[in-house]
Amino acid sequence: QVQLVESGGGLVEAGESLRLSCAASERILGIVNMGWYRQAPGKQRELVAALTSGGSTNYADFVKDRFTISRDNAKNTVYLQMNNLKPEDTAVYYCRIISRYDSWGKGTLVTVSS
C-alpha cells in the first residue's frame, strides 16, 4: 500500500474552517482517483469529495458548497478545505488514493462544537 499521512484535524467551533492534508509516499502525478471520506460514531463511512479522471470532482450533497478538494502534485498532497463547519460534520476523516493499490490513511478526527 501507499502510505498516506493525514493532518489538520482538531476541535473547532461551528462556522470555523479547517484544511485537511493528505501526504502520499509516492508521486500523485498521473493518479486520477483520490478522495476524502468520513465516518461518524454509529454511522457508515461515506464519501465526502473525490477527484476522478479529467480533473472531475464529485461532492456529497451534505457538503452544501462548503468543502473543496484539491491537489498539489509537486508536494504529493491532497487537500480538503472545509468552510463553515457544522456540528454534524463531526467525524473521522479518511484520505483514499487508488493507484496500483487501494490505499487509506489512518484518519484524522474533526470535532465541531456548537
Side-chain angles (χ1 to χ4, degrees):
Q1 290 183 315
V2 177
Q3 300 299 309
L4 304 177
V5 180
E6 302 170 2
S7 61
L11 174 63
V12 298
E13 296 182 355
E16 295 297 316
S17 299
L18 284 174
R19 187 181 73 167
L20 304 184
S21 298
C22 173
S25 62
E26 67 179 36
R27 292 179 297 169
I28 64 172
L29 179 65
I31 300 175
V32 298
N33 295 301
M34 55 192 68
W36 289 91
Y37 296 71
R38 73 184 188 186
Q39 186 167 22
K43 302 292 185 179
Q44 293 184 322
R45 189 171 299 185
E46 60 186 349
L47 176 71
V48 176
L51 287 169
T52 56
S53 61
S56 299
T57 58
N58 293 305
Y59 292 98
D61 290 340
F62 55 74
V63 171
K64 306 293 185 181
D65 297 320
R66 298 178 295 123
F67 294 2
T68 302
I69 186 171
S70 62
R71 63 193 292 172
D72 188 334
N73 291 335
K75 296 182 178 180
N76 299 321
T77 300
V78 182
Y79 301 99
L80 182 67
Q81 179 67 45
M82 305 185 294
N83 297 327
N84 192 25
L85 285 161
K86 303 176 180 180
E88 51 264 42
D89 294 320
T90 296
V92 177
Y93 285 73
Y94 299 89
C95 178
R96 183 190 189 188
I97 294 179
I98 303 176
S99 55
R100 56 184 174 177
Y101 305 105
D102 186 354
S103 302
W104 292 83
K106 297 177 182 179
T108 184
L109 177 63
V110 173
T111 302
V112 185
S113 62
S114 60

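In this text, all values refer to a predicted model and were calculated from it rather than measured experimentally.
Atom CE in Met34 sits 8.5 Å away from atom OG in Ser99 (nearest 0.5 Å). Distance check: Glu16 CD to Met82 CE gives 12.0 Å after rounding to the nearest 0.5 Å. Annotation: the span from Cys22 atom SG to Lys106 atom NZ amounts to 12.5 Å, rounded to 0.5 Å. Note: Thr108 OG1 to Leu80 CG = 11.0 Å, rounded to the nearest 0.5 Å. Distance check: Leu11 CG to Leu109 CG gives 9.0 Å after rounding to the nearest 0.5 Å. Taking CG of Leu4 as the start and OG of Ser25 as the end, the distance is 7.0 Å to the nearest 0.5 Å.
Nearest heavy atom pair, residue Ala14 against residue Ser114, reads CB-CA, 4.4 Å. The two residues Ala40 and Thr90 make their nearest non-hydrogen contact at CB-O, 3.7 Å. Among all heavy-atom pairs drawn from Trp36 and Glu6, the shortest one is CZ3-CD, 4.4 Å. Across all their heavy atoms, Tyr59 and Ile69 have their closest contact at OH-N, 3.1 Å. A pairwise comparison of heavy atoms in Arg38 and Glu88 identifies NH2-O, 4.0 Å as the closest pair. Nearest heavy atoms, Val2 versus Ala24: CG1-CB, 4.3 Å.
Under the 4.5 Å side-chain heavy-atom criterion for Ile, Leu, Val, Met, Phe, Trp and Tyr, Tyr101 and Ile28 are members of the same hydrophobic cluster. Cluster annotation: Trp104 and Val110 are assigned to distinct hydrophobic clusters (Ile/Leu/Val/Met/Phe/Trp/Tyr, side-chain heavy-atom contacts under 4.5 Å, transitive). Leu18 and Val78 fall within the same hydrophobic cluster, where Ile, Leu, Val, Met, Phe, Trp and Tyr residues are linked whenever their side-chain heavy atoms come under 4.5 Å apart, directly or through other members. Under a hydrophobic-cluster definition in which Ile, Leu, Val, Met, Phe, Trp and Tyr are linked whenever side-chain heavy atoms come within less than 4.5 Å, directly or via other members, Leu20 and Leu51 are assigned to the same cluster.
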For this session: Test Phe67 against Leu85 for side-chain contact (heavy atoms from CB on, under 4.5 Å), laying out the working first.
Result: CA-CA 9 Å; Phe67 294 2; Leu85 285 161; 3.9 Å; yes

For this session: Please lay out, stage by stage, how Phe62 and Glu46 fare under the test side-chain contact (heavy atoms from CB on, under 4.5 Å).
Result: CA-CA 11 Å; Phe62 55 74; Glu46 60 186 349; 3.4 Å; yes

For this session: Evaluate side-chain contact (heavy atoms from CB on, under 4.5 Å) for Glu26 paired with Ile31, printing each intermediate quantity in order.
Result: CA-CA 10 Å; Glu26 67 179 36; Ile31 300 175; 3.7 Å; yes

Exercise. Can you list the steps and then say if Arg66 with Asp89 is a side-chain contact (heavy atoms from CB on, under 4.5 Å)?
Worked result: CA-CA 11 Å; Arg66 298 178 295 123; Asp89 294 320; 2.7 Å; yes

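Annotation: side chain to side chain contact (heavy atoms under 4.5 Å, CB included) contacts of Gln39 (sequence neighbours excluded): Arg45, Tyr94.
Side-chain contact between Val112 and Lys86 is absent, with no heavy atoms from C-beta onward closer than 4.5 Å. Side-chain contact between Asn33 and Thr52 is present, with at least one heavy-atom pair separated by less than 4.5 Å.
Residue pairs meeting the side chain to side chain donor-acceptor pair (under 3.5 Å) criterion with at least one partner in residues 68-80, sequence neighbours excluded, are Arg71-Asn73.
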